[in-house]
Q: 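I am attaching a structure below and will ask some questions about it afterwards.
Quick caveat, the model's predicted, so the values are computed rather than measured. Only this structure's heavy atoms are used, side chains among them; waters, hydrogens and symmetry mates stay out.
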Amino acid sequence: MPMEVKWPFPSRRGLSWTVTSALVTGVVGVYSRIWTKYMNRLLVHNKEDLYKAIERRPQGKPLLTVANHQSCMDDPHIWGVLELKHLWSIRKMRWTPAAADICFTKELHSRFFSLGKCVPVCRGDGVYQKGMDFLLEKLNHGDWVHFFPEGKVNMTQEYMRLKWGIGRLITECALNPIVLPLWHVEDHRIRREALHPGAACEPAAGREPVADGDAQSADGPHPGG
């Protein structure tokens with residue numbers, strides 16, 4: 001399904017684009033922090049693992065986070081758990097796919113979401129489409145990419161087959177990414193949210209994840225620094 005607007009990312013992103021993008025991600029991040037931390041009751045487990053992966057992974061090492069998808073506002077709200085130094089760092093903040101038929105239907109919307117490091121993905125176009133290629137390129141540059149592998153909002157938390165685009169990103173990434181699963185629970189009646197960053201799992205030989213402790217590599221424990 002073709003996009004209703006032109007591809008939003010210029011081939012070369014200059015200073016103006018970078019500064020504007022930093023402003024958009026920072027302002028939205030501060031809003032999310034206020035909403036999540038101060039207008040809700042919040043409980044976070046193992047946030048140090050997430051912070052370590054963002055701040056202290058080796059230079060050029062890609063980070064891939066995955067999470068369940070309970071509402072259309074999961075991103076950006078879950079990033080309210082981050083510190084201001086993360087939210088205002090355009091280099092450290094995540095890239096994430098976004099539905100082209102929702103977020104990229106008008107040029108103004110496209111401009112806003114792309115500056116917020118959201119990448120258009122067209123439903124039904126499969127895993128070999130421009131948006132997925134773009135995200136894979138970002139991983140291969142050592143960036144952070146966040147993914148909702150359910151592929152749609154799952155408010156009932158029913159068992160759902162995961163989209164295999166996440167498999168393509170892990171398999172075809174040339175740099176063996178750190179993979180960090182997140183699980184968040186929202187109670188909309190009392191406006192309470194809990195976010196659970198699991199132990200970092202980095203595929204080693206055979207792509208077998210490690211459930212506990214620091215991220216692992218084929219060479220042994222990886223301190224993330």
Side-chain angles (χ1 to χ4, degrees), residues 3-40 42 44 47 50-57 59-67 69 71-122 130-148 153 169 177-178 180 182 184 193 195 197:
M3 289 179 56
E4 298 181 27
V5 296
K6 64 182 180 181
W7 180 251
F9 298 103
S11 56
R12 297 187 64 180
R13 291 182 289 277
L15 178 61
S16 176
W17 195 97
T18 301
V19 170
T20 308
S21 181
L23 181 62
V24 170
T25 55
V27 170
V28 173
V30 170
Y31 149 74
S32 299
R33 184 177 170 86
I34 293 172
W35 175 265
T36 303
K37 295 193 68 172
Y38 302 110
M39 298 182 70
N40 290 271
L42 176 70
V44 185
K47 66 181 179 181
L50 179 60
Y51 292 176
K52 182 191 297 183
I54 294 173
E55 297 174 13
R56 303 202 301 274
R57 68 184 187 276
Q59 185 175 3
K61 188 75 167 176
L63 170 63
L64 179 61
T65 54
V66 294
H69 203 2
S71 82
C72 60
M73 291 299 289
D74 287 343
D75 192 312
H77 282 169
I78 59 174
W79 307 129
V81 305
L82 298 180
E83 302 289 347
L84 291 176
K85 62 182 178 180
H86 306 135
L87 299 172
W88 284 103
S89 174
I90 188 65
R91 182 181 61 83
K92 291 181 179 178
M93 279 301 291
R94 61 87 188 102
W95 293 91
T96 191
D101 59 337
I102 297 176
C103 301
F104 292 84
T105 56
K106 297 181 179 180
E107 292 294 344
L108 181 61
H109 299 168
S110 177
R111 179 72 170 169
F112 173 77
F113 283 105
S114 61
L115 287 169
K117 302 184 74 172
C118 297
V119 181
V121 172
C122 299
K130 192 170 185 177
M132 292 298 296
D133 293 342
F134 186 91
L135 291 168
L136 182 59
E137 177 186 341
K138 292 304 174 185
L139 283 176
N140 283 329
H141 286 166
D143 289 356
W144 170 20
V145 171
H146 179 73
F147 208 84
F148 292 104
V153 173
L169 293 181
I178 294 171
L180 183 66
L182 313 176
H184 63 98
E193 179 180 87
L195 179 65

Q: Roughly how far, to the nearest 0.5 Å, is the OG1 atom of Thr18 from the CG atom of Leu23?
A: 12.5 Å
Q: Ignoring hydrogens and geometry, is there a side-chain-to-backbone donor-acceptor pair from Ser21 to Trp17 under 3.5 Å?
A: no
Q: Tell me whether Asp74 contacts the main-chain N or O of Ser71 through its side chain, where contact means a donor paired with an acceptor under 3.5 Å.
A: yes
Q: Can you sort out the partners of Trp88 under ring-ring contact (aromatic ring centres under 6.0 Å, His included), two or more places apart, ordered by chain and number?
A: none
Q: Just to verify, what does Trp7 make a ring-ring contact (aromatic ring centres under 6.0 Å, His included) with, not counting sequence neighbours?
A: Phe9, Phe134
Q: Quick one: OG1 on Thr36 to CD1 on Ile78, what's the gap to the nearest 0.5 Å?
A: 9.0 Å
Q: Does the ring centre of Trp95 sit less than 6.0 Å away from the ring centre of His146?
A: no
Q: I'd like to check the side-chain hydrogen bond (donor to acceptor under 3.5 Å, both in side chains) partners of Lys85; sequence neighbours left out, ordered by chain and number.
A: Glu55
Q: Tell me, do Pro8 and Pro120 make a side-chain contact under 4.5 Å, heavy atoms counted?
A: yes
Q: Taking the side chain as C-beta and beyond, is there a heavy-atom pair between Asp101 and Cys122 under 4.5 Å?
A: no
Q: What heavy-atom pair brings Ala98 and Phe104 nearest, and what distance separates the two atoms?
A: CB-CE1, 3.9 Å
Q: How would you list, by chain and number, every residue that makes a ring-ring contact (aromatic ring centres under 6.0 Å, His included) with Phe112, sequence neighbours excluded?
A: none
Q: Would you compute the distance between atom CG of Asn40 and atom CD1 of Ile34 and round it to the nearest 0.5 angstrom?
A: 12.5 Å
Q: Centroid-to-centroid, Tyr31 to His77, below 6.0 Å?
A: yes
Q: Compare every heavy atom of Leu82 with every heavy atom of Ile54, then report the nearest pair and how far apart it is.
A: CD1-CD2, 3.6 Å
Q: Output the distance between atom OG1 (Thr25) and atom CG (Leu87), rounded to the nearest 0.5 Å.
A: 8.0 Å
Q: Please report the interatomic distance CE(Met93) to NE2(His86), rounded to the nearest 0.5 Å.
A: 9.5 Å
Q: Suppose we call two aromatic rings close when their centres sit under 6.0 Å apart. Are Trp35 and Trp79 close by that rule?
A: no
Q: Minimum heavy-atom separation for Ala67 and Phe148, please, with both atom names.
A: O-CD2, 3.5 Å
Q: Tell me whether Arg57 contacts the main-chain N or O of Lys61 through its side chain, where contact means a donor paired with an acceptor under 3.5 Å.
A: yes
Q: Step by step, would you call Leu50 with Thr65 a side chain to side chain contact (heavy atoms under 4.5 Å, CB included)?
A: CA-CA 9 Å; Leu50 179 60; Thr65 54; 4.3 Å; yes
Q: Which pairs, with at least one residue in residues 104-116 and sequence neighbours excluded, count as a side chain to side chain donor-acceptor pair (under 3.5 Å)?
A: none
Q: Excluding sequence neighbours, so at least two apart, what forms salt bridge (charged side-chain N to carboxylate O under 4.0 Å, His left out) with Glu83?
A: Arg33
Q: Check the pair Met132 / Val119 against side chain to side chain contact (heavy atoms under 4.5 Å, CB included), numbers first and verdict last.
A: CA-CA 8 Å; Met132 292 298 296; Val119 181; over 6 Å; no
Q: Measuring from Arg94:CZ to Leu64:CG, what's the distance to the nearest 0.5 Å?
A: 13.5 Å
Q: Does Thr96 offer a backbone N or O that forms a donor-acceptor pair with the side chain of Lys138 under 3.5 Å?
A: no
Q: Hey, are Arg91 and Asp143 close enough for a salt bridge, meaning a charged N less than 4.0 Å from a carboxylate O?
A: no
Q: Do Val30 and Leu84 have side-chain heavy atoms sitting under 4.5 Å apart?
A: yes
Q: So do the side chains of Pro62 and Trp144 get within less than 4.5 Å of each other, counting heavy atoms only?
A: no
Q: Before you tell me yes or no, could you show the steps for Val66 and Leu182 under side chain to side chain contact (heavy atoms under 4.5 Å, CB included), namely the whole-Å CA-CA distance, both residues' side-chain angles and the distance that decides it to 0.1 Å?
A: CA-CA 6 Å; Val66 294; Leu182 313 176; over 6 Å; no
